[in-house]
Amino acid sequence: MTQENVFQEFGRKSFRTLKNCLLGTTLACLTASPVLASDTRVALVPGGPHPYFAAWEKAGQDAKRDFGLSGADYRVPQKWELSQQNQLLESLLTQGYNGFLIFPGDPVGTNSIASELTAEGTPVIALAGCLKQPTPAVFCLGTDTGNSAYLGTKELIKTLGGKGKIAHFTGFLVDPNTQLRIDAVQKAANETGGAVEVIQVIADIDAPEPAEEKINAFLAAQADKVDGIVTTAWVPAVVAANSLRKIGDKRIKMVGIDHDEVVLKAIKDGYVHGTMLQNPYGQGYIGSFAMNKLRSGCKVNQNAPFKSTALTNQFIDSGTAFVGRDKVDTYIGAMEAVTKDLMASFESTYLVCN
Amino acid sequence: MASAQESSLSTNSRDRSSIRNFFFSNEFGLLFLILVFATIFALLTTGFTSRFNLYALGRNISIDVVIGFSMMVVIVTGGLNLSVGSIGVSAVMFGGWLIEGMGSNLPIALILLLLGGGLLGAVNGVMVVRTGVHSFIITLATMSVYFGLMIWLTQAEAFRNLPPEVATFGRTKIYGYLSPLLLISLGVAIMLAVLYRYTSLGRNMLAAGANPTAAELSGVNVKRTFILCHALSGLLAALAATMLTCRTGAAIPSMTGHIGQDWLLPAFLAPVLGGTLLSGGKVSVLGTFFGAVLVSLLTNGLLLLQVSEFWVQAVLGALLLSAVLLEKLRNVVLLQNRFI
């Protein structure tokens with residue numbers, strides 16, 4: 001099975017878990033104004049195929065229905081290539097899309113195509129990952145990845161009793177979020193005053209083949225030396241959860257990330273302590289809502305309480321939440337709650353509409 | 001008088017033969033396909049002939065053409081260069097470091113990065129001729145080595161504070177729809193055509209690729225020629241990456257994909273479609289150019305037709321296979337009819 005096929009399979013699983021989510025309908029009630037037909041045609045474009053983004057498809061469909069958009073389509077570059085994403089974006093502009101929600105293929109390199117899109121009169125919002133300032137993107141809506149990694153590690157340390165040796169499995173080295181995650185995990189460990197030690201960081205494994213190879217090799221050699229595992233990328237979380245199940249080890253505590261069925265089932269069965277949820281559905285839904293507002297004449301509120309990250313000072317946190325065994329059956333509710341909170345005050349907080 | 005008539009008849013015969021050869025050539029077949037597909041996309045899609053799309057298409061073609069050339073100049077030797085992507089990104093990261101780290105000005109950095117690409121290519125060539133190991137193996141190894149060293153030295157950090165002229169050049173539109181990058185690729189094509197057709201160095205490259213032993217016996221320094229081919233490949237890869245840097249406005253470690261593998265398909269498609277022999281000794285600059293145009297055109301048109309992005313790759317793979325099979329069929333037909 002190719003990497004793309006594996007991702008698609010993951011994506012289908014993820015989509016199934018979300019298909020009964022009534023979040024969109026619930027959120028529509030929060031918008032007081034009646035739904036009017038809009039000429040806004042939004043493209044939600046990830047950097048490439050990855051299960052994390054599967055929820056954007058339903059988010060776009062729900063946003064189209066709830067806000068009367070002309071379109072809100074999830075379009076995936078066939079590979080994780082900046083040039084592929086650029087070509088797709090050029091093509092979508094030619095096809096008539098007039099609003100772009102983009103996970104940057106590169107936080108710097110995507111600025112160039114973003115400039116060309118905005119020069120053609122189509123606004124751009126960076127979604128799930130930020131563009132490096134100066135950028136034509138009006139703002140960045142995504143997970144505060146450093147904070148998520150920090151909170152996840154704190155949860156792991158808590159369940160370890162405040163001491164032990166941990167390993168960190170994370171994403172691509174070329175992804176600037178990876179270094180933020182590595183730093184955040186180290187920071188949480190440092191706060192224990194040496195009681196918790198990060199004995200190994202394995203990066204560049206957010207794909208099935210390298211993840212299988214490196215995680216299994218690590219566990220084969222050092223399973224008896226490690227007390228905890230924190231994963232801060234989707235594929236390593238899935239592979240590590242599977243590996244712990246295979247070797248039947250419940251001594252090693254693990255905190256994963258995201259909501260793949262493999263990880264959720266491992267939490268239920270006690271092989272994984274919990275997972276740090278991100279909010280891809282909320283990103284797609286709220287992003288589409290914001291894009292429609294921007295195209296309807298609203299402006300970004302320059303005095304809004306934006307957060308700052310290493311890439312931008314116009315960051316909006318789409319939320320993160322820890323889900324352990326006690327909440328694993330109701331995790332969609334946790335995502336809904338985060339999205340509801342953000343949606344309820346989004347327009348008044350981040351936009352200025354006449 | 002009779003002599004003049006014979007000369008005239010001979011000239012007319014040669015002209016007819018040249019015209020006939022062109023119509024049976026690989027290049028004509030590609031040109032025909034380009035025109036057919038362009039007509040289909042213009043009729044079936046909205047926006048194909050829009051200024052923005054023609055501009056974007058031309059820009060994509062220009063980069064794919066130079067990537068194709070960087071592979072073509074090594075295929076001439078009967079070898080391969082799998083490290084074109086790694087060399088390209090390593091060269092532009094070197095250029096970015098020269099500008100941001102060393103305060104070098106743009107023209108000097110540009111020259112040095114192109115030379116750097118040529119040097120990395122030459123290292124491939126030296127290892128190939130010294131070890132006798134096929135270039136497939138050598139460049140498979142160096143694609144990881146070059147990329148790994150680049151990631152280690154840069155810590156995967158992009159050089160994003162390049163002079164604004166870089167991005168401005170990449171976004172320039174001549175008459176609203178023509179990218180200056182396309183003019184660069186045309187210039188490179190002309191220089192390569194001159195190299196192979198009119199210079200002894202170019203002819204030596206073809207001779208060494210066709211039959212190294214015979215070329216050696218004829219006085220060609222085959223080893224040096226192979227090293228030069230690899231150096232030229234590295235230089236062209238660096239140029240393609242520089243053009244891509246103009247497109248993105250920054251030197252980015254991931255710009256050619258993981259270990260540069262994103263460039264492999266365009267690097268192979270253009271010369272193979274264009275009629276360059278994988279066994280070496282025969283090259284078609286015009287064919288490689290048309291091959292890159294066809295690939296970019298199909299990608300653009302299929303995306304506009306809203307064919308699933310996942311099918312585009314399959315279509316390109318099928319195109320490669322069809323091109324090889326059609327070429328075989330064409331040769332059989334021509335042989336049966338004694339055209340060749």
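Below, chain A is the first sequence line, B the second, and so on; all start at residue 1. Note that this is a predicted model, so its numbers are computed, not measured.
At a 4.5 Å heavy-atom cutoff, the contact between B/Thr299 and chain A is made by side-chain atoms alone. Of the atoms belonging to A/Ser115, it is side-chain heavy atoms, and not backbone ones, that fall under 4.5 Å from chain B.
A distance of 8.0 Å separates CG of B/Leu244 from CG of A/Asn86, quoted to the nearest 0.5 Å. To the nearest 0.5 Å, the span separating CG on A/Asp204 from CD1 on B/Ile151 amounts to 7.5 Å.
In this structure, A/Arg75 and B/Leu303 approach most closely via the heavy-atom pair NH2-O, 4.4 Å.
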(request) Using the side chain to side chain contact (heavy atoms under 4.5 Å, CB included) rule, take B/Thr248 and A/Asp106 through it: C-alpha gap first, then chi angles, then the decisive distance, then the call. (result) CA-CA 9 Å; B/Thr248 55; A/Asp106 183 274; over 6 Å; no

(request) I would like to know whether A/Gln95 and B/Leu304 meet side chain to side chain contact (heavy atoms under 4.5 Å, CB included); could you show each step before the answer? (result) CA-CA 7 Å; A/Gln95 288 170 41; B/Leu304 286 179; 3.8 Å; yes

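Contacts from residues 49-61 of chain B to chain A, taken as heavy-atom pairs separated by less than 4.5 Å, involve B/Ser50, B/Phe52, B/Asn53, B/Tyr55, B/Ala56, B/Arg59, B/Asn60 in sequence order.
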Hey, can you pull the donor-acceptor pairs under 3.5 Å for the side chains in residues 168-176 of chain B, sequence neighbours left out?
from: B/Thr168; atom 1: OG1; to: B/Pro164; atom 2: O; distance (Å): 2.8
from: B/Thr172; atom 1: OG1; to: B/Thr168; atom 2: O; distance (Å): 2.7
from: B/Thr172; atom 1: OG1; to: B/Phe169; atom 2: O; distance (Å): 3.4

